Amino acid sequence: MDTEKTNYFDLVYQVVREIPKGRVTSYGAIANYLGLKSGARMVGYAMNAAHSMPDVPAQRVVNRMGLLTGKHHFETPTRMQELLEAEGIQIVEDQVQNFEKVFWDPEKELSI
DNA sequence: ACCGTGACGAGAT
DNA sequence: CATCTCGCCACGG
């Protein structure tokens, strides 16, 4: 055990858990907030490990275009959309509607 | 130890 | 304006 090299994964989960209900954010926004700068990919990779993390609403994390790119990683491909719709987010063909409205920028609205 | 791949993003053509 | 390529870093095979 020991060697928590994936410590930055926890940072990602920390931010994701702070995403308000009915809102979404992007991988790049989280990466930027954590200072990973162009590590948007790393954020996505971290989310892949989120499978073992409770209270990590990965469905609220989409790519910068508001597209549900990671829906295939859920229990079912439609699970992500259903969860978001249950929070009041409208989705059409894996695209978040009113993305600008539901977009939640950690750097602007979050303070942890 | 090397190569390929990946829940992305931005710049260049 | 649409498409392509490269960069980022970590992990699996």
Side-chain angles (χ1 to χ4, degrees):
Chain A
M1 14 293 231
D2 75 81
T3 57
E4 299 181 40
K5 45 191 178 176
T6 56
N7 205 328
Y8 83 94
F9 275 35
D10 294 313
L11 295 176
V12 175
Y13 304 141
Q14 192 99 334
V15 177
V16 175
R17 275 188 286 229
E18 296 300 318
I19 301 174
K21 180 183 175 186
R23 288 275 167 64
V24 295
T25 192
S26 65
Y27 303 93
I30 296 172
N32 188 9
Y33 176 73
L34 295 177
L36 303 175
K37 231 153 166 219
S38 304
R41 261 180 146 155
M42 298 297 88
V43 175
Y45 206 87
M47 300 305 296
N48 195 2
H51 265 273
S52 301
M53 296 298 284
D55 303 320
V56 180
Q59 71 276 13
R60 292 180 188 158
V61 185
V62 296
N63 74 349
R64 78 162 185 99
M65 297 190 297
L67 196 62
L68 281 55
T69 50
K71 66 173 186 175
H72 286 290
H73 294 263
F74 282 75
E75 301 175 85
T76 63
T78 55
R79 185 70 183 188
M80 188 174 186
Q81 179 172 336
E82 290 175 3
L83 288 170
L84 290 171
E85 289 180 331
E87 296 183 357
I89 298 176
Q90 298 177 327
I91 300 171
V92 177
E93 294 190 16
D94 305 331
Q95 172 66 50
V96 176
Q97 305 301 297
N98 305 319
F99 183 54
E100 293 183 46
K101 290 184 180 179
V102 297
F103 181 67
W104 177 83
D105 188 344
E107 281 199 294
K108 292 168 61 178
E109 310 193 53
L110 173 63
S111 53
I112 50 176

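Since we're looking at a predicted model, the values are computed, not measured.
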Are there any protein N/O atoms within less than 3.5 Å of an N/O atom in nucleotides 10-13 of chain B, and if so, which ones and at what distance?
residue : atom : partner  : partner atom : Å
dA10(B) : OP2  : Arg64(A) : NE           : 3.3

Of all residues at least two apart in sequence or in a different chain, which pass the side-chain hydrogen bond (donor to acceptor under 3.5 Å, both in side chains) check with Asp94(A)?
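For Asp94(A) the side-chain hydrogen bond (donor to acceptor under 3.5 Å, both in side chains) partners, ignoring immediate neighbours, are Lys71(A).
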Q. Under the side-chain hydrogen bond (donor to acceptor under 3.5 Å, both in side chains) test, which residues partner Glu85(A), sequence neighbours left out?
A.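 In terms of side-chain hydrogen bond (donor to acceptor under 3.5 Å, both in side chains), with neighbours along the sequence ignored, Glu85(A) is linked to Gln81(A).
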Just how far, in rounded Å, is [atom2] of [N] from [atom1] of [X]?
| X | N | atom1 | atom2 | value |
| --- | --- | --- | --- | --- |
| Asp10(A) | dA10(C) | CG | C1' | 15 Å |
| Asn32(A) | dC9(C) | CG | P | 14 Å |
| Leu11(A) | dA10(C) | CG | P | 13 Å |
| Leu67(A) | dG9(B) | CG | C1' | 14 Å |
| Met47(A) | dA10(C) | CE | P | 18 Å |
| Met65(A) | dG9(B) | CE | P | 8 Å |
| Ile30(A) | dC9(C) | CD1 | C1' | 17 Å |
| Lys71(A) | dA7(B) | NZ | C1' | 13 Å |

* To do: Give, ordered by number, those residues of residues 74-88 of chain A having at least one heavy-atom distance below 4.0 Å to an atom of DNA chain B; if nothing qualifies, reply none.
  =>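 Those residues are Phe74(A).
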Protein-nucleotides 2-6 of chain B N/O pairs closer than 3.5 Å?
residue : atom : partner  : partner atom : Å
dG6(B)  : N7   : Arg41(A) : NH2          : 3.4

> Which ring-ring contact (aromatic ring centres under 6.0 Å, His included) pairs, counting each pair once, include a residue from residues 82-108 of chain A, with sequence neighbours left out?
Replying inline: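 Every pair satisfying ring-ring contact (aromatic ring centres under 6.0 Å, His included) with a residue in residues 82-108 of chain A: Phe99(A)-Phe103(A).
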Atom OH of Tyr27(A) and atom CE of Met42(A): how far apart are they, to the nearest 0.5 Å?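 Interatomic distance, Tyr27(A) OH to Met42(A) CE, rounded to 0.5 Å: 13.0 Å.
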Between atom CG of Leu11(A) and atom CD1 of Ile30(A), what is the distance when rounded to the nearest 0.5 Å?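 Going from CG on Leu11(A) over to CD1 on Ile30(A), the span is 11.0 Å.
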Requested in this report: Select base, sugar-phosphate, or nothing to describe what Asn63(A) touches, counting heavy atoms under 4.0 Å on all strands.
Outcome: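 Asn63(A): backbone/sugar contact only, no base atoms under 4.0 Å.
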**Request:** Give one of base, sugar-phosphate or nothing for Ala46(A), where a contact means two heavy atoms less than 4.0 Å apart.
**Result:**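 No contact.
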| field | P-based separation of dT5(C) from dG4(B) [nearest Å] | value |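 These two P atoms come out 16 Å apart once rounded.
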| query | Which value, in whole Å, describes the distance between the C1' atoms of nucleotides dA7(B) and dT3(C)? | reply |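 22 Å, rounded to whole Å.
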Please list all pairs passing the salt bridge (charged side-chain N to carboxylate O under 4.0 Å, His left out) test where one or both residues lie in residues 21-35 of chain A, with sequence neighbours left out.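 Qualifying pairs, neighbours excluded: none.
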Check your understanding: Which pairs count as salt bridge (charged side-chain N to carboxylate O under 4.0 Å, His left out) when at least one residue sits in residues 47-60 of chain A, sequence neighbours excluded?
Key ->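 Checked against salt bridge (charged side-chain N to carboxylate O under 4.0 Å, His left out) - neighbours excluded - the pairs reaching residues 47-60 of chain A are Arg60(A)-Glu87(A).
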Q) With sequence neighbours left out, what residues match Glu107(A) under side-chain contact (heavy atoms from CB on, under 4.5 Å)? A)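 Here the qualifying residues are Asn32(A), Tyr33(A), Asp105(A).
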- Which residues satisfy the side-chain contact (heavy atoms from CB on, under 4.5 Å) test with Ala86(A), sequence neighbours excluded?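 Expected list: none.
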Gln90(A) atom CD, over 12 foreign heavy atoms within 6.0 Å: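 Open.
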| request: Write down the atom of Gln95(A), the atom of Gln97(A), and the distance for their closest heavy-atom approach. | output: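 Heavy-atom minimum between the residues: O-NE2, 2.9 Å.
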Could you tabulate the donor-acceptor pairs under 3.5 Å formed by side-chain atoms of residues 72-79 of chain A, not counting sequence neighbours?
residue  : atom : partner  : partner atom : Å
Thr76(A) : OG1  : Arg79(A) : N            : 3.2

Worksheet item: Should Ser26(A) be listed as having a side-chain N or O under 4.0 Å from OP1 or OP2 of dC8(B)?
Response: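 No, Ser26(A) has no side-chain N/O under 4.0 Å of OP1/OP2 on dC8(B).
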